[in-house]
Amino acid sequence: MYDGRNIFTFEKMIEQILSQYIIDAVSELYKINEVKLQFQKTRKDFEGDITLVVFPLTVYSKKSPEVTASEIGDYLTINTKEINNFNVVKGFLNLSVNDSCWVSLLTTAIKNNKFGFSDVKPDAEKYLVEYCSPNTNKPLHLGHIRNNLLGYSVAEILKASGKNVIKVQIINDRGIHICKSMVAWLEFANNETPESTGIKGDHLVGKYYVEFDKKYKDEVKGLISKGYSQNQAEKEAPIFLKAQEMLIKWEDKDENVIALWQKMNSWVYKGFEQTHKRLGVDFDKNYYESDTYLLGKDIVNEGLLNKVFFKKPDGSVWIDLSSDGLDEKIILRSDGTSVYMTQDIGTAIKRHQDFNFSHMTYTVGNEQDYHFKVLFKILEKLGYSWSRDCYHLSYGMVDLPTGKMKSREGTVVDADVLMEEMVVNAKNIAESLGKNQDLNSDEANILYENVGIGALKYFMLKVDPKKRMLFDPKESIDFNGNTGPFIQYTHARIKSILRKNKLELKIDKDLKLSLKEKELIKLILDFPKLVQESASSFSPAIIANYVFELVKEFNSYYQSTTILKADKDEVISFRVSLAKKTAYIIEKGMSLLGVSVPERM
RNA sequence: GGCUUUGUAGCUUAACUGGAUAGAGCACCUGAUUACGAAUCAGGAGGUUAGGGGUUCGAAUCCCUUCAGAGUCACCA
């Protein structure tokens, strides 16, 4: 019946058993055969475990909700062994499931060392998850952190739900942005390298992107004072023209340009690699825009012949989507160089050729909602029916207390700097609490890394991805309450108990449960359902909030109940088992968020 | 301005997709450590779910409308 490997959840299983009984009851009482039953968890302030909403049944019973509920409740307590009690509040029938039923469910969960996780079968659906996808002209910032953490976590959750997952990113390694850094580096850098300066490669390249912008603004200002219009000045500033020329040379494969491009990109990749490593994210395959944009161009030419696209007199290529409620969108510039959309078309097609995926997720900020609507529509018009399997995981921007991050105002929060601050903070807090005296310095450093980065990850993932979020540095360094370290701490405490336990663990079937024990068991049994739920809604926040709730419940239990010093061995053994499974869920749940939980802290 | 999207306690947020008295954390106030780790726990105060209207047994959730914020409408990415 109940099999923990299965995604069968406790609720479903109780519901299934009950459904049958209730259908019997209803057909006997009210002479109906087909009913849709609506269950929900009983709210904490009422007695009971599972609740049947009876309002919809009153249509058949032709009696008040209260009477209908009581009649069904009576029937169930008499005819089932699982239900031993019930109460009725308005139209809600609250049913109590007996202790031995809970104990046996917990036992099957404990026996299953992959509880909550579905096996990935060889023929499982193939899910591509794209995330990160940086430009190579500057280092990663706070926005990328949200992106990376989300993408990684969603990928892990999908795996746990039984999908075959492939993590990919598209590296935007070509285009006008990188040309800007290159031009500025040639003009101002005096051959600076990461080695000669000791600056991390991505930061060095970013520095020249900023230099470009400075110079550009100066030039624009100068031209305007000479009588140019704003628009004219922006288009004719000498350094801007140089960047444009360089892009054309790049597309013409000019040797010097390509060599410089490769050199600077290689600095950036080294830098990214470090950042990714510290953030704990990885990829199964990288795509490079420089490889896919040509395919995009080919497809565009093909689409021109098939009249999906059209050419304007100046040579630029467009698609008219006004009949689909969208606008005209440019696909190729008049000078023939490609835009973002061009390569996105190419990349999507390449990926489908490579993997023949059944689903592809793009983890990209909601500022690009329109872009993806257009992209999917274009793919559809080009005849790729798998366009409907593409999904834009659109997440909200990260704001600072001061408002939006703006590079112009220097309010961009750098990823490397932020991670370092979090780790230092973890260290300071631990030291001021006088913790970890017995760890050597290597162990301590690993711990601070886990706590600091874990705090950051949890902070960003506990919010619904769709929502815009506020990153308050002050609040992020708070390690109490709904935070990563709070959860890690609970895990460490349980581990401490497990180290001290001497008994062999086994569970007595006839134990009497306390209210808190029953609550804990119920939460534990929820885990598989929540993994599925967060997978189907692409939301790590569901897991994060669930683990927090579990941890709160455990802490409350821990405070009120002696575990190792209970008077009977079988009680100790049960309580330790319960704590152990709680630790398991904490560890697995947090691993889905990319957060590791320490043995001690 | 058109389209998209968001609005829940002072702040950060949850609500099983239409269900019960809207649930937490932070901050604030009061208590708990000779028990397995106090980075903890127990309790208090804090809400017209932006405003108004509608749909129905029942609305934070669905529809209409007003207000406020954000995004987007580029030969940018």
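Every chain is numbered from 1, with letters handed out A, B, ... down the list of sequences.
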With sugar-phosphate taken as primed atoms, P, OP1 and OP2 and all else as base, the protein-contact string of nucleotides 5-13 of chain B at under 4.0 Å (heavy atoms; B, S, -) is --S----SS
Query raised in the report: With ring centroids as reference points, do A/Y391 and A/F538 lie under 6.0 angstrom apart?
Result: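 Centroid separation for A/Y391 and A/F538: below 6.0 Å.
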Residue pairs involving [range] (criterion salt bridge (Lys or Arg N to Asp or Glu O under 4.0 Å); sequence neighbours excluded):
range	result
residues 444-456 of chain A	A/R278-A/E449
residues 459-469 of chain A	A/D399-A/R468, A/D464-A/K466
residues 481-505 of chain A	A/K495-A/E599

What is the distance, rounded to the nearest whole Å, between atom [atom1] of [X] and atom [atom2] of [N]?
X	N	atom1	atom2	value
A/F486	B/A38	CZ	P	13 Å
A/Y60	B/C57	OH	P	14 Å
A/F372	B/U72	CZ	P	14 Å
A/Y395	B/U4	OH	P	23 Å
A/F548	B/A39	CZ	P	17 Å
A/H491	B/C36	NE2	P	20 Å
A/N480	B/C28	CG	P	12 Å
A/L375	B/U72	CG	P	18 Å

Report yes if some heavy atom in the side chain of A/T490 is under 4.5 Å from a heavy atom in the side chain of A/I586; otherwise report no.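 The answer is yes, as the side chains (C-beta and beyond) meet within the 4.5 Å cut-off.
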message = Is B/U34 syn or anti, taking syn as a glycosidic angle within 90° of 0?
response =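 B/U34: anti glycosidic orientation.
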Under 4.0 Å, counting only non-hydrogen atoms across every strand here, what does [X] touch: a base, just sugar-phosphate, or nothing?
X	value
A/T561	base
A/A492	base
A/S496	base
A/Q368	base

At their closest point, which heavy atom of [X] faces which heavy atom of [Y], and how far apart are they?
X	Y	value
A/V531	A/S534	O-OG, 3.1 Å
A/S394	A/N366	OG-CB, 2.9 Å
A/S514	A/Y557	OG-CE1, 4.4 Å
A/T292	A/Q343	OG1-OE1, 3.5 Å
A/F272	A/P134	CE1-CG, 3.5 Å

For atom [atom1], what is the distance between [N] and [M], given to the nearest Å?
N	M	atom1	value
B/A42	B/U33	C1'	14 Å
B/U6	B/G53	P	23 Å
B/U66	B/U72	C1'	23 Å
B/U21	B/U49	C1'	15 Å
B/U65	B/U5	P	14 Å

With sequence neighbours excluded, what pairs up with [X] under the side-chain contact (heavy atoms from CB on, under 4.5 Å) test?
X	answer
A/E549	A/L523
A/K312	A/F310, A/D314, A/S316, A/W318, A/E328
A/D45	A/R43

message: If you compare every side-chain N and O of A/R333 against the phosphate oxygens of B/A74 (OP1, OP2), does one of them come in below 4.0 Å?
response: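 No, because none of the side-chain N or O atoms of A/R333 sits under 4.0 Å from OP1 or OP2 of B/A74.
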Distance test, side-chain N/O of A/K180 to OP1/OP2 of B/C76, below 4.0 Å
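Answer is no, no contact under 4.0 Å.
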Find the distance between CG (A/L93) and CD1 (A/I50) and round it off to the nearest 0.5 Å.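 Answer rounded to 0.5 Å: 10.5 Å.
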Of the candidate nucleotides B/U4, B/C16, B/C26, which contains the atom at the shortest distance from the side chain of A/D478?
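Nearest to the side-chain atoms of A/D478, counting from C-beta on, is B/C26.
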request  = Compare the ring of A/Y558 with the six-membered ring in the base of B/C36 and state whether they stack (centres under 5.5 Å, planes under 30°).
outcome  =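 Stacking between A/Y558 and B/C36: present.
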ask   = Residues in ring pair (Phe, Tyr, Trp, His ring centres under 6.0 Å) with A/F372, at least two apart?
value =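 Listed in chain order: A/Y362, A/F376, A/H392.
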Query - Residue pairs, two or more places apart or on separate chains, that pass side chain to side chain donor-acceptor pair (under 3.5 Å) and touch residues 565-578 of chain A - result: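 For residues 565-578 of chain A, and leaving out neighbouring residues, the side chain to side chain donor-acceptor pair (under 3.5 Å) pairs sorted by first residue read A/E517-A/R575.
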message: What residues from residues 334-346 of chain A pass a heavy-atom cutoff of under 4.0 Å to RNA chain B?
response: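 Under 4.0 Å from RNA chain B: A/S334, A/V339, A/Y340.
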Strand contacts (RNA chain B) in residues 563-581 of chain A, 4.0 angstrom heavy-atom criterion: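 Contacts with RNA chain B under 4.0 Å: A/I563, A/L564, A/K565.
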Protein-nucleic acid N or O pairs under 3.5 Å, nucleotides 19-23 of chain B:
unit_1 : atom_1 : unit_2 : atom_2 : d
B/G19  : O2'    : A/Q40  : NE2    : 3.3
B/G19  : N7     : A/Q38  : NE2    : 3.1
B/A20  : OP2    : A/R43  : NH1    : 2.9
B/A20  : N7     : A/Q40  : NE2    : 3.1
B/A20  : N6     : A/T51  : OG1    : 3.0
B/A20  : N6     : A/N94  : OD1    : 3.3
B/A20  : N1     : A/N94  : OD1    : 3.0
B/A20  : N1     : A/N94  : ND2    : 3.4
B/U21  : OP1    : A/K90  : NZ     : 2.4

* What is the pairing partner of B/A27, taking Watson-Crick or G-U wobble pairs with both distances under 3.5 Å in any strand? ->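 When the pairing criteria are applied, nothing turns out to pair with B/A27, so the answer is none.
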